[in-house]
Number of protein chains: 2
Amino acid sequence: MARIRPVPAASRQTVTESVYQALRRDIITLRHRPGASLTEAELAAAYGSSRVPVREACRRLQQEGLLTAIPYKGYFVSQISSREIADCFDLREVLETGAVRRAVELVTPGEIRDLEKLAQVEYTYHDWDSYAEFLEHNREFHVCLAALGGNDRLVGVLDDLLGTMQRFFFLGLDLGDFGTQMRHEHECLVNALRSRSADEAVTCIREQIAASRRRIQRALVRDGIPLPLELDAPH
Amino acid sequence: MARIRPVPAASRQTVTESVYQALRRDIITLRHRPGASLTEAELAAAYGSSRVPVREACRRLQQEGLLTAIPYKGYFVSQISSREIADCFDLREVLETGAVRRAVELVTPGEIRDLEKLAQVEYTYHDWDSYAEFLEHNREFHVCLAALGGNDRLVGVLDDLLGTMQRFFFLGLDLGDFGTQMRHEHECLVNALRSRSADEAVTCIREQIAASRRRIQRALVRDGIPLPLELDAPH
DNA sequence: CGTATACACATTGTATACAATCCTGCCGTG
DNA sequence: CACGGCAGGATTGTATACAATGTGTATACG
């Protein structure tokens, strides 16, 4: 079906892996607030393992941009700044438009049908758990779309990026019921692909990203304060 | 001067860091052949440390794409496939053109002067050591150029990508004396920036990347297609 | 009272020992 | 001869113990 997804290599259920996933989930769902301080010992106790797997998990999350490590000091959950958000959205636009320009040339009817299935997902407003599931499917859709461009390296980068951005999306979803709207956006993209119109697809992606950006801006404003969340706290 | 360069945070001279740099150097300079098998114990002995720092270094290199890890089996130096090369070049084009489109709007005269200095570097044909130095400076130039676009996240991704690609470049440099040519290409880019012409800059980048791609293709053909190239083993 | 210095504490960095896993090849059995 | 189980070795995965580092604090001294 829809391409490789680098490797399931690391998905062998090892302690490191489970700590990584648990910790990542807790950061993305904002259980660990941006700016919060974490130590290896603390996390090891919390997730029931020794420091070694915790360490590896933290290194990965650091690489992804969700954590910041300060030697001999500890780890800190990355702040959500408007600058960071803007950077992520801009990069996403660059990557996705780049990929889709190739995709319209390479895509096959079968792949379009597969993608169409992925586009169907929605979420239930106010159901916190369904947000997480929806976001995973959404990520899957965009990654598979990009994969149609045939550049595995680019797909990997986008996958990482969307992983980081999940934290932002979480803020936006609870603001209203955008499920049908987002599904419509996805279908719009699939149609553009079907007619092999690069310009149409690019426009569609741009609008989609702009809409997502607006949602998050609104959520940030609503949750009190412009951003960043509790910035400048450590004085 | 030329922007932040995320952090020198990890550059505190720790064992992990020195192993990482040494191992990375040996992979990029093809001392470890593509496809070669490496074990943690072996590397620990070779670089004079315990397995833990080796492990962390390998994880980082894996993330960068220079190593592939197979659980309970070992690590393998990533192959250089023409597909991989094409992907990297395409992604690079997407990132750099994306960045420079912003850069022409934001760049200041002072930054242009700084960049001009970085553009001056060349290398000495057939001097293996000077290749490495040149490639570092070349990377610095392109990263700083991208940084002018103001998207730190994008810069980070590009930095990683160029790091991986150094291995390819190594092949191309020894093929002839392209030092002056490449310097000219850099200056061309600086001029485009000065006249704030996005189209000119993009064209320039495209040509530059195409030229680089051709050099490497030629090198691969010369060295007998399907890599690897033999290397002077340490015996 | 201000400043510098030494010391203690918290945290990560590193080493070593042991457990889990996977592959290979042997050997027995049908 | 083919096939399956089983044991041995190699390698990573994990836990624990110890060293290095950096930061803040208390204390002595000017």
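Residue numbers start from 1 in every chain, and the chains themselves are labelled A, B, ... in the order their sequence lines are given, proteins ahead of strands.
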Sequence-distant partners of [X], side-chain hydrogen bond (donor to acceptor under 3.5 Å, both in side chains), two or more places apart:
{"X": "D90(B)", "value": "R102(A), R213(B)"}
{"X": "Q120(A)", "value": "none"}
{"X": "R215(B)", "value": "none"}

What is the distance from [atom1] of [X] to [atom2] of [N], rounded to the nearest Å?
{"X": "E17(B)", "N": "dT21(D)", "atom1": "CD", "atom2": "P", "result": "15 Å"}
{"X": "Q62(B)", "N": "dT12(D)", "atom1": "CD", "atom2": "C1'", "result": "12 Å"}
{"X": "E56(B)", "N": "dT14(D)", "atom1": "CD", "atom2": "P", "result": "14 Å"}

* Structure fact -> By salt bridge (Lys or Arg N to Asp or Glu O under 4.0 Å), D26(B) pairs with (sequence neighbours left out) R31(B)
* Asked: Reckon R55(B) has a side-chain N or O less than 4.0 Å from the OP1 or OP2 of dG13(D)?
  -> yes
* Any T14(A) side-chain N or O less than 4.0 Å from OP1/OP2 of dT12(D) -> no
* With sequence neighbours left out, what residues match Y131(B) under ring-ring contact (aromatic ring centres under 6.0 Å, His included)? -> Y123(B), W128(B)
* Taking only Lys NZ, Arg NE, NH1 and NH2, and the carboxylate oxygens of Asp or Glu, determine whether E136(B) and R139(B) approach each other closer than 4.0 Å. => yes
Distances under 3.5 Å only, N/O to N/O: pair up the protein atoms with those of nucleotides 9-11 of chain C.
none

